[in-house]
Colleague: 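Dropping the structure in here first, questions after.
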There are 2 protein chains.
Amino acid sequence: MKNVTINDVAHEANVSKSTVSHYLNGHFTKMGPDTRERIARAVRKLDYSPNHIAKSLKNKRTMTIGVIVANILHNFSTRVIRSIEDFAHGHGYHVIVCNTDNSSDKEADYIRMLMAKQVDGLVVIPTAKNEALFMELAEKGYPVVFVDRYIENVPIQSHMLDNRVSVMMAFDHLSERGHREIGFLTEPVEAIVARQERYDAYLELCGSYGIRPISIQVEKEGMVSSLDQSAAQGSLPESLIVANDLALFELLKMAKQRNILIPEELSIISIDDIEFADFFNPGITVIAQPAVEIGTAAVSALFEMMNGSKNASGIERFQPYLIERESVKQYEDQ
Amino acid sequence: MKNVTINDVAHEANVSKSTVSHYLNGHFTKMGPDTRERIARAVRKLDYSPNHIAKSLKNKRTMTIGVIVANILHNFSTRVIRSIEDFAHGHGYHVIVCNTDNSSDKEADYIRMLMAKQVDGLVVIPTAKNEALFMELAEKGYPVVFVDRYIENVPIQSHMLDNRVSVMMAFDHLSERGHREIGFLTEPVEAIVARQERYDAYLELCGSYGIRPISIQVEKEGMVSSLDQSAAQGSLPESLIVANDLALFELLKMAKQRNILIPEELSIISIDDIEFADFFNPGITVIAQPAVEIGTAAVSALFEMMNGSKNASGIERFQPYLIERESVKQYEDQ
DNA sequence: TCGTTTTAGTGAAACGGTTTACCAAACCGG
DNA sequence: CCGGTTTGGTAAACCGTTTCACTAAAACGA
């Protein structure tokens with residue numbers, strides 16, 4: 001179980017460990033062809049592989065970045081993570097993924113632990129409450145970027161969907177097809193900017209379309225039963241913009257429970273695409289976001305920072321697109 | 001951006017770094033109450049947190065385990081990962097997750113990099129081909145456990161579903177409801193034990209029930225179109241046992257494309273539960289596996305190894321259970 | 001009061017690498 | 001053949017911790 005070290009290789013090849021180190025780092029001018037060959041043989045013979053930890057300690061770079069997401073169950077998160085990993089691996093970096101379940105405490109813990117682990121940078125979908133902590137990171141010049149959300153007054157760059165436009169597209173789609181009773185289903189908006197932006201856009205659009213807002217804001221856990229009650233009372237609107245995939249799940253569960261016909265009795269348009277929306281019966285019309293693009297943009301901004309460019313701040317917006325399927329009813333008088 | 005080290009704390013508190021180290025590790029007998037207080041203050045004042053890398057180098061424990069899964073898109077994988085993370089975090093460990101996409105090369109790469117990173121142990125859903133590599137790990141006494149699969153002749157313990165029973169349950173369920181035309185849908189079995197076991201069980205059961213085997217073995221990428229062809233030719237059986245969730249997706253896509261009624265025209269029973277199976281129309285009857293239990297058992301076995309107990313080998317089996325929904329037709333003459 | 005133990009604390013080596021500064025020998029041009 | 005340059009290589013410091021061996025002073029027992 002004894003691990004073989006650079007010293008063992010040096011000894012085997014009859015050179016100093018400095019030379020082996022040079023060899024390992026490709027500084028071949030530092031040795032003759034014979035020595036080089038001897039070292040190569042020694043490495044092979046001993047099946048040596050360098051201790052990444054020791055390297056990191058000396059180099060002060062771990063070649064690792066941390067990714068902290070608020071809720072890994074969102075399809076969006078998994079796609080962002082995937083794109084970040086692809087990019088990072090392509091650049092010789094590794095990724096540690098952490099899931100906060102939207103808890104600020106967990107988030108703070110993870111940040112601390114990732115700092116302790118000396119990760120070289122962080123991409124995070126932040127919860128709302130660690131403003132001071134992020135502020136500190138930003139001030140230290142530590143490389144961090146946000147995705148999907150941002151924190152007011154914290155000078156950390158964010159990459160996110162144009163939420164306003166996404167709701168607008170949903171609203172327009174519904175409206176074009178004759179809908180005048182358009183509700184909005186979301187988990188409690190709280191301080192989560194992405195939700196806030198979507199909700200605000202909804203309210204604003206209701207205003208400009210002269211439509212009475214019907215918003216259903218309820219915790220995911222109670223969502224099914226709460227929706228069920230509304231349905232029982234007949235207070236469910238004829239069409240619903242759903243704020244995200246997880247809420248859509250709950251809505252669909254309720255619809256099944258109560259045998260509600262989609263789109264005949266209820267039209268649905270949901271934000272963020274998911275695979276099953278396509279083959280569900282009926283197919284769910286959706287406003288999709290370019291998750292891979294967003295993730296890639298975020299991580300490449302992060303890499304620029306890690307290579308010394310100044311911490312940018314500001315928000316970069318990405319445009320959503322409509323995927324029309326079958327969950328929206330067409331009113332005839334259109 | 002200069003990071004504060006134990007030396008800075010020592011200096012601030014006017015003690016040696018040894019004493020600070022003792023303080024940090026709770027060896028309070030090594031100092032008086034006043035010194036202790038001084039160090040505490042210094043730590044707070046400087047906002048010091050220990051460099052995990054340096055610690056790891058010295059201690060030869062990184063408090064990190066690696067998890068390598070063959071395909072993170074399986075719901076089973078995500079649930080296993082989740083349970084491993086929960087357990088690990090509960091014991092002060094961190095987890096690095098890697099996805100091999102079923103590529104043995106990627107797997108070998110990941111193993112090497114995780115070793116280089118000095119992770120303290122590994123839980124892996126292995127691809128079939130790195131027998132030699134795993135053999136080596138096992139011989140070195142390096143802590144490794146398998147999940148969901150195993151490799152013949154490699155003395156590494158595995159925790160997996162009783163695949164035979166799971167197919168048996170599916171088969172019985174179908175058979176009890178009068179089905180005599182029972183097919184089996186799977187990605188190519190190849191050398192992947194879990195698939196093999198399920199397929200073998202299917203074949204065996206066909207034998208003992210006197211049913212003609214109809215197996216559809218096709219790559220996920222071509223699955224929809226291949227199924228579509230079969231359907232066009234009318235060669236699709238009346239009921240299908242589906243080997244896993246990803247195959248189920250493809251089947252459902254095809255069913256939608258062709259407007260096949262489930263269960264009237266096609267009965268489905270799938271192995272491994274997924275959330276949407278519940279609210280899909282119709283609900284998909286499923287043989288579920290206790291993923292959390294499996295993951296937890298695996299990681300706790302790993303922890304035992306890491307604490308010095310010998311590498312166990314052998315296979316621990318977990319029992320599946322039926323979740324009956326609406327995707328299986330009941331023939332009337334039963 | 002003196003020897004012994006305990007308390008409170010320190011210095012230095014070690015973990016496994018990288019890097020800087022340095023050097024001897026070989027080479028080279030004139 | 002001499003002085004300078006290149007080639008090939010090394011020793012030692014360093015990264016930030018832990019820990020072992022050691023000790024001065026205080027406390028204690030007789």
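Hydrogens, waters and symmetry mates play no part in the numbers below; they use all other heavy atoms, side chains included. Here is the naming used below: chain letters follow the sequence lines, and residue numbers restart at 1 for every chain.
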Colleague: Rounded to whole Å, how long is the line connecting atom CD1 of Ile39(B) with atom P of dA8(C)?
Modeller: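 Interatomic distance, CD1 of Ile39(B) to P of dA8(C): 12 Å.
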Colleague: When you check the gap from the basic side-chain N to the acidic O, do Asp101(B) and Arg82(A) get nearer than 4.0 Å?
Modeller: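 Arg82(A) and Asp101(B): salt-bridged.
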Colleague: Rounding to an integer number of Å, can you tell me how far Asn14(A) CG sits from dG9(D) P?
Modeller: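 Answer to the nearest Å: 11 Å.
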Colleague: Walk me through it: do Tyr110(A) and His89(B) pass the test ring pair (Phe, Tyr, Trp, His ring centres under 6.0 Å)?
Modeller: CA-CA 11 Å; Tyr110(A) 276 131; His89(B) 281 133; 5.6 Å; yes
Colleague: For a quick test of reading the model: is some side-chain N or O of Thr19(B) closer than 4.0 Å to OP1 or OP2 of dT10(C)?
Modeller: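 Checking Thr19(B) against dT10(C): at least one side-chain N or O falls below 4.0 Å of OP1 or OP2.
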Colleague: Check for me whether Arg36(B) meets the cation-pi criterion with Tyr23(B), that is, NZ or CZ under 6.0 Å from the six-membered ring centre and within 45 degrees of the ring axis.
Modeller: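 Checked: cation-pi criterion not met.
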Colleague: Would you say the side chain of Lys58(B) and the base of dT17(D) hold a donor-acceptor pair, judged only by whether the two atoms sit under 3.5 Å apart?
Modeller: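 Such a pair does not exist between side chain and base.
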Colleague: So does Val292(A) get a backbone contact from the side chain of Thr296(A), meaning a donor-acceptor N/O pair under 3.5 Å?
Modeller: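 Present.
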Colleague: Which part of the nucleic acid does Thr35(A) contact within heavy-atom distance under 4.0 Å: base, sugar-phosphate only, or nothing?
Modeller: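 Counting heavy atoms under 4.0 Å across all strands, the contact made by Thr35(A) is with sugar-phosphate only.
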Colleague: For Arg38(B) and dG9(C), what is the distance between atoms CZ and C1' respectively, to the nearest whole Å?
Modeller: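 Distance, rounded to whole Å: 11 Å.
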Colleague: Rounded to whole Å, how long is the line connecting atom NE2 of His11(B) with atom P of dG11(C)?
Modeller: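 Distance, rounded to whole Å: 12 Å.
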Colleague: To the nearest Å, give me how far apart CG (Asn59(A)) and P (dT20(C)) are.
Modeller: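 Checked: the CG to P distance equals 11 Å.
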Colleague: Is there a donor-acceptor contact under 3.5 Å from the side chain of Arg149(A) to the main chain of Val193(A)?
Modeller: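 Here the side-chain-to-backbone pair does not exist.
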Colleague: From the options dT18(C), dG9(D), dG9(C), select the nucleotide whose nearest atom is closest to the side chain of Lys17(A).
Modeller: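 The answer is dT18(C).
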Colleague: Start at the 5' end of DNA chain C and walk down; is the nucleotide closest to Thr29(B) or to Asn25(A) reached first?
Modeller: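 This one resolves to Thr29(B).
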Colleague: What is the separation between atom OH on Tyr48(A) and atom P on dG16(C), rounded to the nearest whole Å?
Modeller: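 It works out to 10 Å between those atoms.
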Colleague: Rounding to an integer number of Å, can you tell me how far Leu46(B) CG sits from dG16(D) P?
Modeller: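 It is 14 Å, rounded to the nearest whole Å.
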Colleague: Generate the contact string for nucleotides 20-28 of chain D. Rules: B means base contact, S means sugar-phosphate contact only, - means no protein heavy atom under 4.0 Å.
Modeller: ---------
Colleague: How is Lys60(A) classified with respect to the nucleic acid when contacts are heavy atoms under 4.0 Å: base, sugar-phosphate, or nothing?
Modeller: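 Sugar-phosphate contact only - Lys60(A) comes under 4.0 Å of backbone atoms but never of a base.
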Colleague: Check for me whether the distance between the ring centres of Phe146(B) and Phe134(B) falls short of 6.0 Å.
Modeller: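 Judged by ring-centre distance (under 6.0 Å), Phe146(B) and Phe134(B) do meet the cut-off.
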Colleague: Are more than 12 heavy atoms, taken from residues, nucleotides or ligands other than Glu37(B), located less than 6.0 Å from that residue's CD atom?
Modeller: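 For Glu37(B), atom CD is crowded (more than 12 foreign heavy atoms under 6.0 Å).
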Colleague: What about the rings of Phe303(A) and His91(A), do their centers lie closer together than 6.0 Å?
Modeller: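 Distance test on ring centres: under 6.0 Å, yes.
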Colleague: Ignoring hydrogens and angles, does a donor from either the side chain of Lys55(A) or the base of dG16(C) sit under 3.5 Å from an acceptor on the other?
Modeller: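 Answer no: no donor N or O sits under 3.5 Å from an acceptor.
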Colleague: In this structure, how many angstroms lie between the P atom of dG16(D) and the CG atom of Leu57(B), rounded?
Modeller: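 Going from CG in Leu57(B) over to P in dG16(D) covers 12 Å.
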Colleague: Given dG16(D), dT10(D), dT18(D), which nucleotide is nearest the side-chain atoms of Thr5(B)?
Modeller: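 Closest nucleotide to the Thr5(B) side chain: dG16(D).
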Colleague: So which nucleotide from dT17(D), dT19(C), dG17(C) ends up closest to the side chain of Pro50(B)?
Modeller: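 Out of dT17(D), dT19(C), dG17(C), the nucleotide with an atom closest to Pro50(B)'s side chain is dT17(D).
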Colleague: With a non-hydrogen cut-off below 4.0 angstrom, is Phe28(B) in contact with a base, only sugar-phosphate, or nothing?
Modeller: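 Phe28(B): no heavy atom of the nucleic acid under 4.0 Å.
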